[in-house]
Amino acid sequence: LKALVFHAEKCIGCKLCHLACSAQNEGEFNPRLARLKITSSYNREGLFVKGQTCDLCLACVEACPEDAIIEKNGRLAFIADLCTDCGICVDICPHQVIVKKTKGVGVCVQCQSCANWCPTEALTFEEVKK
Amino acid sequence: MTYTNKILRVNLTSGQSTTEPLNKDWAREYLGGKGLSIKYLYEELKPGIDPLSAENKLILMTGPTAGTIVPNSGKLAIAAKSPATGTILDCSIGGHFSPELKFAGYDAVIIEGKAKDPVFLYIEDEKVELLSAADLWGKGAHETEHLLADQLGDVITLAIGQAGENLLPMACISSELYRQAGRGGIGAVMGSKNLKAVSVRGTGGIKIADIRKFSAAMNKIKREDTMTDDNMWTYTDGTPMIVDLSHSTGILPTRNFQEGTFDQFENINSDAVKSALKAKKACFACPLACSNYVKKGKTEVEGPEYETLALCGSNCGIGDLEAVIEFNRLCDDHCLDTISTGNVVAFAMELTEKGIHDFGIRFGDIEKFLTMPTMIATKQGTGAELAMGVKKMAAKYGGKDFAMEVKGLEIPGYEPRGSWAMGLAYATSDRGACHMRAWPVAVEAFGDVDPFTSEGKAELVIGMQDDNSVKFSAIFCDCWAISNERMAEILSMLLEREVTAAELTTIGERIYNLAHLFNEREGFDRKDDNLPARIHNEKLTTGATEGKLLPKAEYEKMLTEYYKLRGWDENGKITAEKKKALNL
């Protein structure tokens with residue numbers, strides 16, 4: 001199974017991945033709607049870099065009571081008609097990369113827009129443990 | 001269309017905030033950023049006001065590229081009348097504030113008046129609040145940002161340190177600890193308004209037509225025009241790369257511009273900085289990541305940039321990278337502009353060594369050097385004298401001939417005796433000695449153009465000033481050597497109308513002329529467009545510029561030609577014909 005992998009040591013914190021994701025999947029430039037979370041900022045201890053991406057752990061698929069999130073050909077798919085906006089998937093995602101929207105949720109479909117935009121190969125699409 | 005068409009106006013005297021539509025005619029003629037903020041200031045400020053009075057205004061201005069996936073579009077313009085020079089002042093700051101403001105729904109914030117007690121401005125989409133900064137006042141910018149993050153969460157903040165609170169002419173505004181709107185005392189304008197910080201959180205987005213197609217086009221441009229050999233030096237090295245170039249071409253300011261080479265340059269060059277590198281860091285939407293996050297010994301900083309290495313390193317006779325990093329960190333925390341601060345310290349060193357006045361500090365004295373940022377920012381002891389800036393120090397103590405400033409703004413890291421057009425660029429810059437309005441060293445000292453002739457230099461400087469005016473208005477970062485054609489192509493897509501390269505050239509000329517008109521209205525003319533006497537009268541003694549100076553007659557020749565090509569009269573006043581042609 002292949003999925004997105006984040007390499008913190010290469011990340012420059014430009015947020016182009018967030019913009020690429022929201023443009024591709026939500027039709028707007030809005031980093032808060034991205035289906036990944038890359039942080040690069042300073043706290044009192046110095047530079048703090050952290051990346052959260054969907055690694056296809058499928059916790060959301062297992063948790064959804066309505067089968068509105070399924071795994072198909074190694075990718076998540078969201079079936080809007082089945083979603084009741086219960087929010088269980090948003091809460092259960094260990095990486096906090098499911099975006100709650102006014103109606104329904106946004107899940108990472110491994111479209112790789114983020115990796116295609118990343119200027120430093122800090123995001124790659126590769127085999128993940130399953 | 002990527003304007004939000006909404007301006008937030010905050011009056012600190014009344015505590016009220018209002019929104020108003022963006023002036024679309026002005027946006028068409030001045031784009032955003034530098035140009036549009038100067039237009040608002042020109043129309044709204046009364047001539048002759050005290051820059052540190054409630055009558056001055058502080059404008060935070062984004063551009064049409066802000067918040068989008070356009071490479072290198074992350075910068076913000078911050079503008080006001082300058083307390084250091086009395087001229088117009090627009091600064092450029094990187095980081096993430098500009099897009100965040102756009103996501104909150106605003107093209108710009110105009111801050112007026114003066115708060116009775118220290119406050120900070122908190123913007124979260126439509127919610128705008130002025131909150132007490134009583135607990136923040138007196139603190140450095142770094143702790144201020146940390147405390148605001150504790151209180152507000154994931155906001156982006158602009159803050160001032162002690163230098164801004166104490167109204168220093170070299171006080172800057174800081175963001176994300178290590179990004180600065182550096183020059184001309186922009187931080188003192190905030191301090192004079194009792195405004196400690198501005199924090200913003202924006203949750204909205206920006207929509208444009210065919211966003212997927214647009215993104216694909218931008219990704220191609222990013223690969224083929226941004227991340228190219230012309231620009232990737234900013235990633236591999238960043239600005240410290242310029243140390244070797246400046247030293248080898250004899251234009252590295254050393255010991256208060258007494259020499260153009262530094263015997264310890266290898267201690268503070270790019271290789272030295274790389275040896276301390278921990279991570280590369282970028283502004284929003286920037287693939288070039290020019291910043292170097294470094295740690296050495298007990299200190300760390302995002303930097304030091306070339307200007308800091310030159311003005312606080314070689315120019316102070318300091319060949320110790322750890323000392324320069326620590327000085328840089330202290331300046332950032334107190335919000336001191338490192339260009340001006342390096343200059344005042346070097347000037348005090350020369351005054352002391354020449355026996356003109358004893359400031360108790362000499363070239364290369366690391367221990368004393370490291371006490372200076374705190375002493376200057378808090379005006380302790382001799383720090384209170386240095387806090388005046390080089391021009392006022394010279395008026396009080398002497399040394400005017402080697403007071404390295406233009407119009408009250410200290411000179412950046414390029415020796416004009418080894419790059420004559422750079423001298424003209426400093427003298428004709430709209431905010432005093434500045435290397436961001438035009439950077440002709442790239443083609444003179446570092447390129448093929450003869451640095452030691454006045455021939456063709458006026459035209460060279462004018463072209464660069466106009467081009468940069470457009471870049472800083474659109475906004476594109478100067479790290480990307482982008483052409484007007486490329487800018488026109490991108491802006492056409494964002495603004496959903498045909499923008500041509502020729503139109504951008506005219507806009508650039510209009511912006512530079514409006515900035516000049518602002519200064520003209522404040523009483524500036526030819527007598528102010530000058531360089532320190534050292535540049536004309538003292539020959540450099542080492543390296544590639546040994547024996548060189550910029551003769552006064554050659555300088556005047558360049559200046560006369562510059563006015564003529566600009567369409568200004570012999571005294572530097574814009575002619576009626578030129579005003580009409582540019583719709584000023």
Side-chain angles (χ1 to χ4, degrees), chain A residues 6-52 90 96-97 99-102 106 109 111-123 125, chain B residues 2 66-74 95-96 99-100 102-103 142-143 145-147 149-150 154 156 176-178 201-208 210-216 218-219 222-223 226-227 232 235 278-291 293 295 300-302:
Chain A
F6 177 68
H7 310 274
E9 73 286 357
K10 291 184 179 175
C11 179
I12 56 174
C14 65
K15 294 270 182 184
L16 283 167
C17 52
H18 281 239
L19 292 171
C21 178
S22 73
Q24 174 70 24
N25 297 298
E26 302 293 346
E28 62 181 279
F29 295 122
N30 185 341
R32 284 179 170 78
L33 294 183
R35 294 150 185 202
L36 78 170
K37 271 198 185 127
I38 310 295
T39 306
S40 170
S41 60
Y42 292 100
N43 60 29
R44 287 183 177 85
E45 278 69 55
L47 181 63
F48 174 76
V49 182
K50 189 181 174 190
Q52 294 156 283
V90 175
Q96 298 170 296
V97 291
V99 181
K100 188 156 176 44
K101 302 199 276 185
T102 323
V109 293
C111 73
Q112 302 167 56
S113 295
C114 54
N116 282 335
W117 260 93
C118 181
T120 57
E121 296 176 338
L123 283 164
F125 188 66
Chain B
T2 48
T68 72
I69 207 160
V70 172
N72 297 66
S73 60
H96 294 70
E100 199 71 12
K102 203 86 163 187
F103 297 140
H142 290 183
E143 186 57 15
E145 280 205 66
H146 293 319
L147 288 169
D150 293 345
D154 62 342
I156 307 292
E176 294 163 68
L177 309 195
Y178 303 118
R201 177 188 287 114
T203 65
I206 298 168
K207 289 184 179 169
I208 57 166
D210 286 327
I211 196 166
R212 289 184 183 179
K213 202 175 140 197
F214 176 80
S215 295
M218 288 308 117
N219 206 0
K222 180 199 75 175
R223 288 201 190 100
T226 317
M227 298 181 71
M232 281 306 279
Y235 180 76
K278 294 296 162 204
K280 293 294 292 184
K281 193 87 173 75
C283 294
F284 186 88
C286 172
L288 296 175
C290 71
S291 276
Y293 174 56
K295 286 188 181 184
E300 64 182 75
V301 84
E302 190 183 306

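Lettering of chains follows the sequences in order, A, B, ..., and the numbering in each one begins at 1. On a predicted model such as this, the values are computed, not experimentally measured, just so you know. Both backbone and side-chain heavy atoms feed into the values below; hydrogens, waters and symmetry mates do not.
- Atoms CD and OG, from B/E145 and A/S41 in turn, are 10.5 Å apart once rounded to the nearest 0.5 Å.
- When side chains are defined from C-beta on, B/P99 does not count as touching A/F29, because their heavy atoms never get closer than 4.5 Å.
- Here A/C14 contributes atom SG and B/H96 contributes atom NE2; the two are 7.5 Å apart, rounded to the nearest 0.5 Å.
- Summarising the local packing, NZ of B/K207 is surrounded by 12 or fewer heavy atoms from other residues, nucleotides or ligands at distances under 6.0 Å.
- When the candidates B/G204, B/S291, B/A149, B/A216 are compared by the number of heavy-atom contacts under 4.5 Å with chain A, B/G204 comes out ahead.
- Applying the 6.0 Å contact sphere to NZ of A/K100 captures more than 12 heavy atoms from other residues, nucleotides or ligands.
- Counting heavy-atom pairs closer than 4.5 Å to chain B, the top residue among A/H18, A/E9, A/Q24 is A/Q24.
- For B/L147, the parts sitting under 4.5 Å from any heavy atom of chain A are the backbone and the side chain alike.
- Note on B/I206, B/T226, B/D210: by heavy-atom pairs under 4.5 Å with chain A, the leading option is B/I206.
- Taking OG of A/S113 as the reference point, atom CZ of B/R212 lies at 8.0 Å (rounded to 0.5 Å).
- Separating the OG atom in B/S215 from the CG atom in A/L19 is a distance of 8.5 Å, to the nearest 0.5 Å.
- Heavy-atom distances place no part of A/S22 under 4.5 Å from chain B, backbone and side chain included.
- Put simply, of B/K102, B/E143, B/K295, B/H142, the one with the most heavy-atom pairs under 4.5 Å next to chain A is B/E143.
- Of the residues considered (A/E28, A/K15, A/R44), A/R44 shows the highest number of contacts with chain B, using heavy-atom pairs under 4.5 Å.
- With respect to chain A, the highest number of heavy-atom pairs below 4.5 Å among B/E300, B/M218, B/R223, B/K222 belongs to B/K222.
- Listed for the A/R32 side chain is a donor-acceptor partner under 3.5 Å among the backbone atoms of B/G202.
- If you measure heavy-atom distances from B/D150 to chain A, the contacts under 4.5 Å come from the side chain alone.
- No other option in B/L177, B/I69, B/T68 has as many heavy-atom pairs under 4.5 Å with chain A as B/I69.
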How far apart are the C-alpha atoms of A/Y42 and B/E302, what are their side-chain angles, what is the distance that settles it, and do they pass the side-chain hydrogen bond (donor to acceptor under 3.5 Å, both in side chains) test? CA-CA 10 Å; A/Y42 292 100; B/E302 190 183 306; 2.4 Å; yes

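- A/P31 has its side chain within reach of B/F103: a pair of non-hydrogen atoms, C-beta onward, lies under 4.5 Å apart.
- A/C17 does not touch chain B: none of its heavy atoms, backbone or side chain, sits under 4.5 Å away.
- Within the 4.5 Å cutoff, no side-chain heavy atoms of A/L47 are placed close to those of B/K278.
- Taking all atoms of both residues into account, the shortest heavy-atom contact from B/T203 to A/N30 is O-ND2, 3.0 Å.
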